Amino acid sequence: MLGPVNVAGIPYRTIWPEPDGTAVGVIDQTGLPHRFATVRLASSAEVARAIREMLVRGAPLIGAAAAYGLALALRSDCSDASLATAHAALLATRPTAVNLRWALDRVRRTVAPLPPPARAAAAWTEAGRIADADVASNRMLGEHGLGVLLPLAQSRPAGRPLQILTHCNAGWLATVDLGTALAPVYHAHDRGLPVHVWVDETRPRNQGAALTAWELGQHGVPHTLIADNAGGHLMQRGLVDVVIVGADRIAANGDVANKIGTYLKALAARDCGVPFYVAAPTSTIDPTCVTGAAITVEERDAREVTHIRGIDSSGQLVEVCLAPRATAAANPAFDITPARLVTALITEHGLFPATTAALRALDLAPPPPPQNAPNTP
Ligand code: MRU
């Protein structure tokens with residue numbers, strides 16, 4: 001069975017509760033791959049800042065972190081007003097990943113009917129359940145994804161590893177553990193199936209170069225970093241057997257919001273006859289968005305486009321400017337891949353076509369709010 005991911009031989013999750021319920025620890029992903037550092041978040045405001053500034057990122061991890069953030073808010077003030085204010089503040093941190101709303105609503109549904117003094121402990125427990133469920137779900141998703149990779153591996157030329165292309169980081173670092181798009185890859189690698197991953201650098205924040213390349217390296221999975229523009233060329237040359245990406249929100253019709261650039265990979269994959277899979281837990285499916293057009297796409301700071309971060313020859317983390325100083329830049333952080341370009345969705349419940357009928361059958365409608373839920377925006 002796929003175990004927890006190790007960093008220098010030590011098993012780590014990306015988020016862990018302190019036993020007395022006063023804080024959570026997280027890996028500060030803004031320093032990777034050059035600095036591995038952990039940070040203690042002891043208040044809802046600190047969790048909100050960590051999500052907004054992307055110390056933690058990736059849809060499932062954002063959800064788990066926000067759940068702990070709501071529990072921390074209730075620890076300092078267990079009133080209805082505090083619940084509503086913290087829920088709204090955490091929800092506002094990032095707009096596209098629906099796991100954020102899903103996790104916050106789940107904690108709120110659990111605690112709202114309780115007497116206020118019981119809320120903080122119940123919220124903490126529920127946040128822990130969300131984190132544990134993410135790991136269990138990724139393990140199942142990885143098993144189902146392995147079922148996709150095995151037949152593809154059998155049909156590849158003898159002696160060549162299975163060539164997988166992925167975009168952004170939908171690995172261990174984007175979840176509580178194991179990852180979504182990378183869970184099948186880790187399963188395959190751990191079972192001795194020769195795999196090789198083409199890692200899109202994923203401009204502008206370079207989650208591929210900084211995070212995916214780092215975590216694949218920690219696990220010993222062979223991989224090669226490529227410029228985002230190289231994927232289509234590699235597919236034309238028959239050097240990609242399958243594309244697997246994650247998702248930040250999947251609309252009711254199967255349209256997929258994921259990191260900017262995903263759509264172009266899906267177009268190239270369709271043109272080249274390469275299967276294109278989206279791996280995501282069902283908590284990423286948003287039945288309230290009828291199509292991808294209804295999904296809010298986060299617009300981030302233009303500085304992420306005009307500037308780039310890395311280490312210099314003396315080992316210092318530095319940021320340099322790439323463009324003329326006065327150049328205007330736009331930075332949409334996600335795009336929508338139409339359902340018709342998706343070969344199938346890989347979820348913890350198995351494979352599903354990206355269609356309204358298939359997703360409706362999953363019955364994802366949230367339960368109605370409890371009778372005495374506090375007013376929330
Ligand atoms: O902006 P980010 O780094 O949070 O974006 C992450 C992605 O787009 C991932 O592909 C997505 O969240 C899936 S995570 C398992």
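Numbering of ligands and ligand atoms starts at 1, following listing order. On a predicted model such as this, the values are computed, not experimentally measured, just so you know.
- Checked by atom type, the side-chain pair N169/E215 shows a donor-acceptor distance below 3.5 Å.
- Interface of A59 with ligand 1, defined as ligand atoms under 4.0 Å from a residue heavy atom, comprises 12 (O), 14 (S).
- For Q163 and H196, the side-chain atoms include at least one donor-acceptor pair closer than 3.5 Å.
- At a heavy-atom cutoff of 4.0 Å, ligand 1 is contacted by the backbone of A247 but not by its side chain.
- Evaluated for a side chain to side chain contact (heavy atoms under 4.5 Å, CB included) with N253, the options L359, T291, V290 yield exactly one hit, T291.
- Heavy-atom proximity to A174, at under 4.0 Å, picks out these atoms of ligand 1: 14 (S), 15 (C).
- Close contacts between ligand 1 and Q207 involve ligand atoms 1 (O), 2 (P), 3 (O) [criterion: under 4.0 Å to a heavy atom].
- Checked against a 3.5 angstrom limit, the closest N/O atoms of H167 and ligand 1 fall outside it.
- Counting atoms of ligand 1 from 1 in the listed order, those under 4.0 Å from a heavy atom of M54 are 1 (O), 2 (P), 3 (O).
- The closest approach between a heavy atom of C168 and any atom of ligand 1 is below 4.0 Å.
- Within the model, atoms CG of D271 and CE of M235 stand 10.0 Å from one another, a figure rounded to the nearest 0.5 Å.
- Distances between N or O atoms of G58 and those of ligand 1 include at least one value under 3.5 Å.
- Looking at E53 and T30, their side chains never bring a donor and an acceptor atom within 3.5 Å of each other.
- With ligand atoms numbered from 1 in the order given, ligand 1 contributes 1 (O), 2 (P), 4 (O) to contacts under 4.0 Å with heavy atoms of R94.
- Among the atoms of T180, none of the N or O lies under 3.5 angstrom from an N or O of ligand 1.
- Atom 10 (O) of ligand 1 has its closest protein heavy atom at N258 OD1, 2.7 Å.
- The shortest N or O to N or O distance between T175 and ligand 1 is not under 3.5 Å.
- Taking every heavy atom of K259 and a limit of under 4.0 angstrom, the matching atoms of ligand 1 come to 1 (O), 2 (P), 5 (O), 8 (O).
- In this model, no donor atom of one side chain and acceptor atom of the other lie less than 3.5 Å apart for D200 and T202.
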